[in-house]
Asks: 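First the structure, which I've put down as structure tokens, then a few questions once you've had a look.
These numbers were taken from a predicted model, which means no experiment stands behind them.
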Amino acid sequence: YVLKVIEDHEGNLWMGMWSDGVTVFNPRTNTCRHYIHAAGDSTSLSFNNVWTLCEDRQHQIWVGTYGGGLNVYDGVHGGFVHYRHSETDPGSLANDKVHTIMQDQEGRIWIGMDGGGMDLYNPLTHRFAHYRHRENADGLCSNNINNIYQTRAGDLWISTTQGLSR
């Protein structure tokens with residue numbers, strides 16, 4: 001089933017599906033491309049449970065999977081770059097269950113995860129800064145992030161399973 005649909009800058013519809021990867025529909029040619037995980041192919045989608053999609057200002061498509069981390073579509077070569085959690089790398093993605101991806105007004109990419117809190121991607125280092133719920137402290141009210149929204153004034157609002165954070 002389809003969990004997320006976005007329209008890219010060329011008018012293509014990208015559909016993220018549970019257990020069936022990503023389908024891209026081109027309405028001008030009435031054709032579809034389908035991307036799934038292929039064992040042994042390091043440029044294929046990392047996991048077939050696609051929860052969220054986002055196109056950034058550079059027209060890169062970001063794909064959040066539930067269990068396979070974060071993927072970025074390489075339109076030039078037709079494959080995906082993967083970002084996964086690693087227990088031995090503190091600058092890796094906080095966990096591999098991505099619920100939401102958004103680009104803020106400054107062009108930064110934010111990733112919200114199920115149980116991993118919120119990450120901020122650094123495009124120069126390809127590393128992630130982590131923002132997590134801390135007991136008895138200001139900040140995120142839960143590490144289970146459902147959505148990230150930015151107001152016109154620039155404030156980030158983060159919806160979680162335990163309420164709303166700003």
Asks: Are Asn71 and Val50 close enough, and set up right, to give a side-chain contact (heavy atoms from CB on, under 4.5 Å), and what steps lead you there?
Replies: CA-CA 10 Å; Asn71 297 251; Val50 175; over 6 Å; no

Asks: Are there more than 12 heavy atoms of other residues, nucleotides or ligands under 6.0 Å from atom NE2 of His9?
Replies: yes

Asks: For a 4.5 angstrom cut-off between non-hydrogen side-chain atoms, does Arg166 reach Trp157?
Replies: yes

Asks: Check whether Asn122 reaches the backbone of Ala129 with its side chain - one donor and one acceptor, N or O, closer than 3.5 Å.
Replies: no

Asks: So do Asn12 and Asn26 actually touch side chain to side chain, heavy atoms under 4.5 Å?
Replies: yes

Asks: To the closest 0.5 Å, what do you measure between OG (Ser19) and NE2 (His37)?
Replies: 13.5 Å

Asks: Side chains of Asn146 and Thr161: closer than 4.5 Å at any heavy-atom pair?
Replies: yes

Asks: Rounded to the nearest 0.5 Å, what separation is found between the OG1 atom of Thr160 and the NE2 atom of His99?
Replies: 12.0 Å

Asks: Hey, what do you get for CG (Asn144) to OG (Ser159), rounding to the nearest 0.5 Å?
Replies: 11.0 Å

Asks: Considering only heavy atoms from C-beta outward, does the side chain of Trp51 approach that of Trp18 to under 4.5 Å?
Replies: yes

Asks: Are Leu53 and Tyr1 connected, step by step, through hydrophobic side chains (Ile, Leu, Val, Met, Phe, Trp, Tyr) whose heavy atoms are closer than 4.5 Å?
Replies: no

Asks: I need the minimum non-hydrogen distance between Glu7 and Leu13, along with the two atoms involved.
Replies: CB-CD2, 3.9 Å

Asks: Please list all pairs passing the salt bridge (Lys or Arg N to Asp or Glu O under 4.0 Å) test where one or both residues lie in residues 85-105, with sequence neighbours left out.
Replies: Arg84-Asp96, Asp89-Arg127, Asp104-Arg108

Asks: Measuring from atom OG1 of Thr151 to atom CD of Gln105, what distance do you get when rounded to the nearest 0.5 angstrom?
Replies: 7.0 Å

Asks: Give a yes or no on whether the backbone of Gly112 and the side-chain of Thr100 come within a donor-acceptor separation of less than 3.5 Å.
Replies: no

Asks: Tell me whether Gln60 contacts the main-chain N or O of Cys54 through its side chain, where contact means a donor paired with an acceptor under 3.5 Å.
Replies: no

Asks: What distance do Ile145 atom CD1 and Trp110 atom CH2 have between them, rounded to the nearest 0.5 Å?
Replies: 11.0 Å

Asks: Treating Ile, Leu, Val, Met, Phe, Trp and Tyr as nodes and any side-chain heavy-atom pair under 4.5 angstrom as an edge, say whether Leu164 and Tyr131 lie in one connected cluster.
Replies: no

Asks: Between His82 (side chain) and Ser44 (backbone), is there a donor-acceptor pair under 3.5 Å?
Replies: yes

Asks: Do side-chain atoms of Asn143 reach the backbone of Gly116 as a donor and acceptor pair under 3.5 angstrom?
Replies: no

Asks: Please examine the side chains of Met118 and Leu140, heavy atoms only from C-beta on, and report whether any two atoms are closer than 4.5 Å.
Replies: yes

Asks: Between Met102 and Leu156, is any pair of side-chain heavy atoms under 4.5 Å apart?
Replies: yes

Asks: Walk me through it: do Met17 and His34 pass the test side-chain contact (heavy atoms from CB on, under 4.5 Å)?
Replies: CA-CA 11 Å; Met17 293 174 279; His34 193 67; 3.9 Å; yes

Asks: Which hydrophobic side chains are connected to Val98, either touching it within the sub-4.5 Å cutoff or through other members that do?
Replies: Trp62, Leu70, Val72, Val81, Tyr83, Leu93, Ile101, Ile109, Ile111, Met113, Tyr121, Phe128

Asks: Test your reading of the model: is there a side-chain donor-acceptor pair from Ser92 to the backbone of Ser86, 3.5 Å cut-off?
Replies: yes

Asks: May I ask whether Trp14 and Leu45 are part of the same hydrophobic cluster, defined by side-chain heavy atoms of I, L, V, M, F, W, Y residues being less than 4.5 angstrom apart, directly or through others?
Replies: yes

Asks: Hey, are His133 and Ser142 close enough side-chain-wise for a donor-acceptor pair under 3.5 Å?
Replies: no

Asks: Can you pull the salt bridge (Lys or Arg N to Asp or Glu O under 4.0 Å) pairs that have at least one residue in residues 8-25, sequence neighbours excluded?
Replies: none

Asks: Nearest 0.5 Å, what's the CD1-CD distance between Ile6 and Glu55?
Replies: 6.0 Å

Asks: Which pair of heavy atoms, one from Ser165 and one from Cys141, lies closest together, and at what distance?
Replies: OG-N, 2.9 Å

